[in-house]
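For reference, the structure discussed in these notes is given below.
Residue numbers start from 1 in every chain, and the chains themselves are labelled A, B, ... in the order their sequence lines are given, proteins ahead of strands. Here the structure is a predicted model, which is why all the values come from computation and not from measurement.
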2 protein chains.
Amino acid sequence: MARKPLTNPRKSASQERSRATVDALVEATARILVRDGFDKASTNRIAAEAGVSIGSLYQYYPCKEALVAAVIDRHNQDIMQVVRGAFAEVAVESVESAARKLIAVAIEAHRIDPKLHRVLAEQIPRTGRLKDVEAFNREAHTLFKGYLESHRNELRVADPGLAAFVCVTSIEALAHTAVLRNSEKLSSEAAEALIDEATRLVVGYLK
Amino acid sequence: MARKPLTNPRKSASQERSRATVDALVEATARILVRDGFDKASTNRIAAEAGVSIGSLYQYYPCKEALVAAVIDRHNQDIMQVVRGAFAEVAVESVESAARKLIAVAIEAHRIDPKLHRVLAEQIPRTGRLKDVEAFNREAHTLFKGYLESHRNELRVADPGLAAFVCVTSIEALAHTAVLRNSEKLSSEAAEALIDEATRLVVGYLK
DNA sequence: ACATAATGCGAGCGATAGCTCACAATTGTC
DNA sequence: GACAATTGTGAGCTATCGCTCGCATTATGT
């Protein structure tokens with residue numbers, strides 16, 4: 001006996017049919033963001049692109065930001081899965097090979113969906129979802145700090161927190177800038193050269 | 001004998017009076033961007049804030065983006081003036097002191113008007129003025145490359161262009177992130193510690 | 001088969017955006 | 001003081017936005 005049968009989005013979809021609707025909406029949002037940009041991603045347009053009525057959209061997402069946030073979350077999950085895997089793989093390796101692998105993975109992660117990544121990076125501030133991305137950054141930061149602490153004997157690092165900030169920020173910026181500047185792709189030779197340089201940068205700094 | 005007396009913005013203001021109007025518009029835009037954010041910066045609001053009618057606004061700026069672009073240009077000029085000065089000052093200094101000064105200046109430059117810088121950094125993609133900012137980056141890049149080439153004997157740098165990319169990108173990201181993350185300011189001790197670390201990072205990489 | 005809940009629909013509302021245009025006021029020139 | 005150029009004005013147009021709501025359709029349970 002629902003008191004407010006239609007107000008407030010229903011949030012959860014129980015049947016199979018509605019899950020498809022939700023997926024279609026998120027995918028349509030991502031597609032429009034990539035193809036037309038954030039400003040063109042109106043709720044009416046998203047609903048049309050998803051082949052769903054505007055009314056249905058508002059049953060599952062309370063506002064436009066919520067839709068973009070869903071896209072952001074999905075993209076972040078995709079990236080963090082790769083990053084977490086890399087840190088696990090690298091935990092007991094030497095600084096050189098660990099740094100090299102992590103840098104390679106950072107570049108790889110930025111290439112998962114570069115056009116979407118670019119739009120999201122540009123538009124995240126407007127969605128109020130900065131907090132989520134900061135949480136993501138904090139996790140990368142924490143993972144890196146963990147590595148530094150467990151390899152402290154091989155390194156000369158006074159403050160692992162600060163060192164992790166310096167390394168993560170630099171690696172992220174290099175990967176981000178390189179991928180976005182070079183028209184959404186890097187030639188494999190250029191990528192190799194960049195990995196070499198970035199590895200020298202952080203290894204030289206850490207020991 | 002103007003054929004189109006009122007169509008197409010007049011672009012140039014000849015009298016004293018109209019220069020004041022143009023300045024008031026740019027300053028009002030910056031003020032609103034900082035105080036209320038990009039989305040609230042409607043043309044009607046900017047005109048009101050400037051104490052100017054909406055009609056006058058459209059005599060000098062063809063659209064909202066042009067106004068924001070004017071703010072961006074002004075801010076970039078402010079920053080580049082500091083940066084150019086630093087490179088001139090540092091041209092004949094050792095790598096250590098050069099790197100240290102440039103890093104300090106990068107942080108300083110980000111502190112010129114952090115709130116405006118943040119808004120602009122977030123909203124530049126929407127203004128179509130990415131090209132201008134890329135030109136700005138390219139200049140920093142070129143200046144750094146020039147330093148590396150003229151100090152090649154003291155360094156071990158195979159590709160000055162690539163090395164400049166690595167250094168400029170890292171320094172910019174560290175300064176940017178540090179200034180924006182720490183609620184628009186850095187304690188002077190924290191800034192010193194960051195300068196020390198960043199200096200070690202780039203000096204260790206360059207030689 | 002029927003009742004009930006879950007899901008889907010889309011015309012249209014109010015708000016606000018960017019922007020135009022016919023006109024008023026000010027300034028420069030003689 | 002007269003006349004034209006320059007500059008300033010703001011009501012209001014059109015377009016689009018986010019979003020609502022009453023109702024239609026589909027699925028579930030019995």
Side-chain angles (χ1 to χ4, degrees), chain A residues 1-29 32-33 36-71 123 126-128, chain B residues 1-26 28-29 32-33 36-70 123 126-128:
Chain A
M1 209 188 278
R3 239 58 140 306
K4 309 169 163 187
L6 282 180
T7 56
N8 290 0
R10 297 172 191 168
K11 295 247 173 195
S12 59
S14 59
Q15 298 181 7
E16 201 50 43
R17 188 163 57 123
S18 57
R19 302 196 80 92
T21 301
V22 171
D23 282 357
L25 284 169
V26 176
E27 266 154 42
T29 305
I32 292 182
L33 285 176
D36 308 313
F38 185 93
D39 289 326
K40 299 292 178 59
S42 70
T43 50
N44 284 318
R45 209 185 223 271
I46 290 170
E49 172 84 20
V52 155
S53 89
I54 181 68
S56 295
L57 185 153
Y58 279 97
Q59 287 184 334
Y60 300 105
Y61 293 96
C63 61
K64 178 187 172 178
E65 281 72 29
L67 269 163
V68 179
V71 175
Q123 307 300 347
R126 297 165 71 181
T127 62
Chain B
M1 210 187 279
R3 238 57 136 311
K4 311 171 165 186
L6 281 180
T7 56
N8 290 0
R10 298 174 192 167
K11 294 249 173 193
S12 59
S14 60
Q15 298 181 9
E16 201 50 47
R17 189 163 56 125
S18 57
R19 301 197 82 92
T21 301
V22 172
D23 281 358
L25 285 168
V26 176
T29 305
I32 292 182
L33 284 176
D36 308 312
F38 186 93
D39 289 326
K40 300 292 179 62
S42 70
T43 50
N44 284 316
R45 210 186 223 269
I46 290 171
E49 173 83 20
V52 155
S53 89
I54 181 66
S56 295
L57 184 153
Y58 279 98
Q59 286 183 335
Y60 300 105
Y61 293 96
C63 62
K64 179 185 172 179
E65 281 72 31
L67 270 162
V68 180
Q123 306 300 346
R126 296 164 72 179
T127 64

Worksheet item: Does some side-chain heavy atom of A/Tyr61 sit less than 4.5 Å from a side-chain heavy atom of A/Thr43?
Response: no

Practice prompt. Could you tell me whether the phosphate oxygens of D/dG8, OP1 or OP2, come under 4.0 Å of any side-chain nitrogen or oxygen in B/Ser18?
Written response: no

Fill in: pair B/Thr21-B/Gln59: side-chain heavy atoms closer than 4.5 Å
no

Practice prompt. Starting from C1' on D/dA27, measure out to CZ on A/Arg19 and report it in whole angstrom.
Written response: 16 Å

Item to complete: Examine C/dG8: is either OP1 or OP2 under 4.0 Å from a nitrogen or oxygen in the side chain of A/Tyr60? Give yes or no.
Response: yes

Worksheet item: C/dG8 phosphate, OP1 or OP2: any side-chain N/O from A/Ser53 under 4.0 angstrom?
Response: no

Can you pull every protein N or O that's under 3.5 Å from an N or O on nucleotides 25-30 of chain C?
none

Worksheet item: Which heavy-atom pair separates B/Ala47 from B/Leu25 by the least distance, and what is that distance?
Response: CA-CD2, 4.4 Å

Worksheet entry | Length of the CG-P vector between A/Leu25 and C/dT7, whole Å | 14 Å

Discussion item. Using 0.5 Å steps for rounding, measure from the CD1 atom of B/Ile46 to the OG atom of B/Ser42.
Written reply: 7.0 Å

Worksheet entry | Gap between atom CD of B/Gln123 and atom CG of B/Asp39 - 0.5 Å precision | 6.5 Å

Sub-3.5 Å pairs of nitrogen or oxygen atoms, protein against nucleotides 13-19 of chain C:
unit_1: C/dG18; atom_1: OP1; unit_2: B/Lys64; atom_2: NZ; d: 3.4
unit_1: C/dG18; atom_1: OP2; unit_2: B/Thr43; atom_2: N; d: 2.9
unit_1: C/dG18; atom_1: OP2; unit_2: B/Thr43; atom_2: OG1; d: 3.4
unit_1: C/dC19; atom_1: OP2; unit_2: B/Tyr58; atom_2: OH; d: 3.0
unit_1: C/dC19; atom_1: N4; unit_2: B/Asn44; atom_2: OD1; d: 3.0

Worksheet item: Taking all non-hydrogen atoms of both residues, which atom of B/Leu57 and which atom of B/Leu67 are closest, and how far apart?
Response: CD1-CD1, 3.8 Å

Practice prompt. Starting at atom CZ of A/Phe38, determine the distance to atom P of D/dT16, rounded to an integer number of angstrom.
Written response: 18 Å

Worksheet entry | Separation of atom CD in B/Gln59 from atom P in C/dC21, rounded to whole Å | 13 Å

Practice prompt. Please name the pair of heavy atoms, one in A/Leu33 and one in A/Ala41, separated by the smallest distance, quoted to 0.1 Å.
Written response: CD2-CB, 4.1 Å

Worksheet item: Going by heavy atoms in the side chains, are B/Arg45 and B/Ile32 under 4.5 Å from each other?
Response: yes

